[in-house]
Each structure stands twice: as C-alpha cells, then as structure tokens.
Amino acid sequence: MSEMPERIARTAAAWLLEHFGIERPEPAVQPTRKEFEGAWTLVLFPYTGPSKKSPEALGQELGAALVESLDEVEGFNVVKGFLNLSLHPKYWAERLDQMVADVHCGGRATDENAAPEVVEYSSPNTNKPLHLGHVRNNLLGHSVAEMLQAIGRKVVRVQVINDRGIHICKSMVAYRHFGAGETPETAGLKGDHLVGKYYVAFDREYKRQIEELKAQGRDEESAGKQAPILLEAQEMLRQWEQGDAEVRALWTQMNEWVYAGFAQTYAALGVRFDRNYYESETYVLGKAVVEQGLSQGVFERRPDGSVWIDLSAEKLDEKLLLRKDGTSVYITQDLGTALSRHEDFGMRSMVYVVGNEQEYHFQVLFAILRRLGYDWAGALYHLSYGMVRLPEGKMKSREGTVVDADDLLGEMVDTARALSEELGKTEGMDEAEKQALYRMLGHGALKYFILKVDPVKDMVFNPKESIDFDGHTGPFIQYTHARIRSLERKAQSMNLPSWDGVLPDAASVVLIRQLDQWSGTLHSAAVGYNPALVANYVYELTKMYNAWYQNHSVLNNDDPAVSAFRLRLSAEVGRTLRKAMGLLGIECPERM
RNA sequence: GGUCGCGUAGCUCAGUUGGAUAGAGCAUCUGCCUUCUAAGCAGACGGUCGAAGGUUCGAAUCCUUCCGCGAUCGCCA
C-alpha cells in the first residue's frame, strides 16, 4: 500500500509544529479530486486560525516546505483552503512497478495457521427452492469470504440447513396426499422445485379446507387451526421427533432431493461451503448451554420449569431459552451452534450473513454469549442486509411474486445470449466458449447489480428492466477486461522492447493513482464486510481506463517503448479488474 | 406505541474519518467507428441531498425534533 499520504501528513505536522507550535489536529491528507491538479490534498482550514495566516499564504509556505523536504513531491497549487500536491512521474512509474510485482494484487497471502474467520451464509429452508433474497445473501456471503481471504485471513464457510420443523412436514404431507410416487426424474423437475411444488400444494389444500370449514359455520381463526391437513402436518412433526421410521424415510428422501437441487443452484452461483450444519442435528445442542447458564446464575429457572435470561440491562427485555416442556427455541440452538463452532474451529471471529429482520435476534444472541463470559463474543458480527423488493413491493410466495433463483439465472443467460448474438460478438467461438461466455455475462450482470448496492440498504429489483448490460454494470467491466486481454494477445507477436525509462504522462498518472487506491479499498471493504466498495471501485477504474484508452493508442506508437509501457499499465488494470471482480464472484472473459 | 434502519436527479444507485462547484448509470437529446473490440468515448438536459432547527471556518455526512417508508418488539425460524 502507498505510504505517501502518511509521509505527507507527518512532514506537514512537523512543519506546523516547528513554525507555529500547532500540534492538532493531525493534517488530513486525501486524494485530490479529479477536477483539480495534484495527487494528494492537504486541508488547510484548521490551521489558518492558530497560524494567523490566510489559507493562501499558509498553503504557499507549507507547499514549498513539502517540495523541499519530500523528493517525490514535484509541485503544488493552492485553491481556496486546499493544498494540492503533485508527485513526480518517476514516483508513479515506481508505484506501478511495485503494484505489478505484487503477486497478491493488493492483498496478502493467507495465513493458514491463524485462527479462522467463520462466515455463515445462505442457510436455506428445505421446503422450497432458493429465491432472489437468497441470491443476495449468497452473493454477499461468498464475496465477504473471498475478500477476507484476499487480505490474508483464513476463512471457513458454513451454512445452517433448516431441515426440520413444520415447514418441511407440510411439503411431506402434501406429497403423501398428492405425490403419487413422483420423483424429480419422473417429474422432470429439480428436487428443490419438486418439494416446493408440494409446499404450494399444501397451502392450496389448506386454504380450501379453511373455506370448507367456514362454510360449515366455523370462524376464520378456528378454521385455520382445525384444518385437517394442518393437524396432519403437526402430527407428522411429532412422529418425526419420535423417530417414526416411515416419516423419517420420507423426510430423508425429500431432503435428498432438495440438496441435489440446491447443489445445482450453488454451483450456478459459484458459492461453496466448507461445512454444513443441519438443524436436525444441532437443535439439541443448546441444552448444555442452558445447564451452564443456570449454574453460572446467568439464567433463571421459573416455577413452571421454563428457563429465561433477563437482558433488560441491555434494553433487550427478557428472553426465553427453554420451554416449560424442556424443548429448546431458536436462540438456544444458535447458542449451542456458536459454542460447538468455537470448539470446531477456534475462530477469531464469525460473521452471520442474515437479513435485517433478524437484527434483534442477533443482538440477543451476542448479549447472551457475552453474559456467559465468552471473550470471543465481541468478535461476532451480524452482516445485516436489506430486503430485495420488487417494483410492486415485497415478494410474497403466497401471491406467486417470488423471483426464483434458478429461473432468474436462466433468464440472465438467455438475455446475454440474445444480446451477444445481436451484437455479433461470438463469431469464431466454438459452442462451449459461447455457452461459457453467456453464463459469465448473464451471471455477472446479476451479481454486479446486486453487490454494487450497500448491503444495509433495501434494493429494488425490476425483473423486466433492472438488469442492463450498458453503463454501470458487470458486462461493462467484463467488456473492458476483454479489450485489455485482446491487446495483450496482439502484443505477444510484436516483440516489444523494455518499457524502462518511459515516464507516465498526466493521463496515465490518473490511472496509476486509481490503481494505487485499490489495496486500501480492498482492505476497507473486507474489514467492513462491504462488497459494494469493491464494486464501485472497480467501476471507477473501468471508466477511467476507457477514457484513457480512447485517446491513448496502446500499441500503435512511434516509440515501441511507449507501447510497452502502456501495455504494461493496461495489463495491470486488467489484472486488477479480474481480481476485484473475482472477489465479487464474477469471472471476466478473455474475449467478448 | 417502543427500538433499529432507510430517505440524494423521472428511475436505479455512489458520495471515504465532516472539506472544494453534490456524482455515476438508465431514460431523453447531440456528436464520434478507413488505427488496438462502439457492451465504448465526448457532450447536453436533469437536484431546496425528506423538512426544520443546532454544532462547526465548513454539514448530504454529526446532534435534536418532525414527516414518510421498512423491519422488529412470539414459547416461528
């Protein structure tokens, strides 16, 4: 990473102290805005009072002092209260050298011996296929894991599969009634879609029965509770818990189908997990925690036998941990899961990628772990993200407005294919290369569209027009990458000389400066769990490169050394695009 | 009602720890392919940064109040 801003700040601080006795605030050095000349800008306002100088006068003196004492600083200008410093082209040439030589491209090698960072994401239910909300979750989780890895962290990716409970029993009951032995093969459906079909079938039948009961004079509420198919599902859950062989066999079968379906969707999304946790196995884990909490006096057993914790000191109210019948609740399972993970991995921290509707839950979870005295509880983080909504509003499965993940990915590829063919971009490609390209572009467009938005914000997704392939999009960046790769291929047969001694012109310095920001951006994005920073950085870099490319011929120059230099700069931009997009889970094509 | 989050151009979004004239893309309109890929580039149009106060040399950014939207406040997960 560049240490120039720190050196400027230190030198300026020393000068301010020596000449005016000013100790604070520390000089703020920031990248110069592009409409002004210079690379780094020092803000003078805080010192005009104590120094009794005008901003202009102070800027002139400090600028001259910095030129004097820092070899890299070539010149300066003062605009209002801002001191803009320009650096020697030679400095930028050296920065480019350093970046090209950095095999980790702004990151660090993974420390395999370090305590890992656990990233939990996806965490689906097994009663229906993945939808657009899951897509945002998976993309965020995957990208966060990739970024952490890129800055040298060891990462463990996990998911909790919610494979038990009333929801899956609903699908099972409906399958028993209406399935007639159908399988994914006979139905020609992905397993998760087949199971989801019966979840919908359950709901349809359930509603029908409610209407029937109401016609017989029942009120809405009692009809809802007494519908035979619901009672059947509840009974099936009891049988499941008792280990009924037939129910367990059906459960196993249907879950297998779902996992096979999920595997396909995960593969399409390019996400993976090092370890799966199944709720059917972890839901008992919390019991030991309850005992521990009781013996520590952190939890309290009430006369009816239920166990509670009082978090009113944290303004989180009282929270139930064990029902009076001794069964555990969600938060208890999560406590148990967290503890067992700490035993499994000895992680330094853990990030849960879960929607913002569960913010309260995680506040409670973390508070309880702190109360129990786990020092690592402070290193747990809920990456809370906003909802993906449609132009009409929230997606509702009951109204059929849910955007299915598989359908969406498929449509993206279709759109990419149509557009590529229309533009005649695929001439000379064989079929396999075409398919790979359509996939890269379609998925890239979707992934970029989702990841460029700050995770905390809700986002609007319009299936008909949201995904563009022009402008601030994944394909725009992929296209620029392909152009650079094309230059590199062409240059191979040109036998270019060394770039040594060629100094970057002002326009090239702009590009090098942007490259110089990459390492810092990557680091902030990773520790801030925010892929949007990477997405927006890479867009800026791409725009700058395209502007440069437009009036800087890379390979057609009188001086072949200039060509060599520009090619090298282009290649480094290309490599950075590839790296950054990779962290977003997006591949860049060699040609398009 | 309590708590948390969000509110920036017609639409979708950026806006680093408070700094310069609030930026992109889409859409609309103008130009640019006989030199490396036009999924590109250059330009025009478009804003009382939800509102009002406050802090500050300086506020889209921090504080307060209000308005709007969302989430949450289950022995669901």
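Chain letters run A, B, ... following the sequence lines, proteins first and then strands; every chain starts at 1.
Salt-bridge check for Arg164(A) with Glu241(A): passed, with a basic side-chain N closer than 4.0 Å to an acidic carboxylate O.
Although no hydrogens or angles enter the test, the distance criterion places no donor-acceptor pair under 3.5 Å between the side chain of Arg136(A) and the main chain of Ile450(A).
At least one side-chain nitrogen or oxygen of Lys457(A) sits closer than 4.0 Å to the OP1 or OP2 atom of G7(B).
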Please evaluate residues Phe469(A) and Phe476(A) with respect to the criterion ring-ring contact (aromatic ring centres under 6.0 Å, His included), reporting the C-alpha separation (whole Å), side-chain torsions for both, the decisive distance (0.1 Å), and the verdict.
CA-CA 7 Å; Phe469(A) 286 72; Phe476(A) 168 67; over 10 Å; no
Intermediate values then yes/no, ring-ring contact (aromatic ring centres under 6.0 Å, His included), Tyr352(A) and Tyr381(A):
CA-CA 6 Å; Tyr352(A) 295 87; Tyr381(A) 183 75; 9.8 Å; no
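For Arg483(A) and Tyr549(A), the positive end sits near the middle of the six-membered ring, less than 6.0 Å away and at most 45° from its axis.
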Per-nt protein contacts along nucleotides 68-77 of chain B (heavy atom under 4.0 Å; B base, S backbone sugar-phosphate only, - none) come out as --SSS--BSB
Would you mind building the protein contact string for nucleotides 28-39 of chain B? One character per nucleotide, 5' to 3', B for base within reach (heavy atoms under 4.0 Å), S for sugar-phosphate only, - for untouched.
-------BBBSB
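Residue pairs that meet the salt bridge (charged side-chain N to carboxylate O under 4.0 Å, His left out) test with at least one member in residues 545-574 of chain A, sequence neighbours left out, are Asp97(A)-Arg568(A), Glu572(A)-Arg575(A).
A donor-acceptor pair shorter than 3.5 Å cannot be found between the side chains of Tyr545(A) and Glu540(A).
Residue whose closest nucleotide on RNA chain B sits further toward the 5' end, between Thr473(A) and Ala532(A): Ala532(A).
With rounding to whole Å, Phe362(A) atom CZ is found 17 Å from G5(B) atom P.
Applying the salt bridge (charged side-chain N to carboxylate O under 4.0 Å, His left out) criterion to Asp454(A), with sequence neighbours excluded, gives no partner residue.
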Once pairs are restricted to Watson-Crick or G-U wobble with both distances under 3.5 Å, how does RNA chain B read as a dot-bracket string, [ ] for crossings and | for other-strand pairs?
(((((((..((((.....[...)))).(((((.......))))).....(((((..]....))))))))))))....
Give each protein N/O atom lying under 3.5 Å from an N/O atom of nucleotides 17-20 of chain B, with the pair distance.
unit_1: A20(B); atom_1: OP2; unit_2: Arg33(A); atom_2: NH1; d: 2.3
unit_1: A20(B); atom_1: N6; unit_2: Thr41(A); atom_2: OG1; d: 3.0
unit_1: A20(B); atom_1: N6; unit_2: Asn84(A); atom_2: OD1; d: 3.1
unit_1: A20(B); atom_1: N1; unit_2: Asn84(A); atom_2: OD1; d: 3.2
unit_1: A20(B); atom_1: N1; unit_2: Asn84(A); atom_2: ND2; d: 3.3

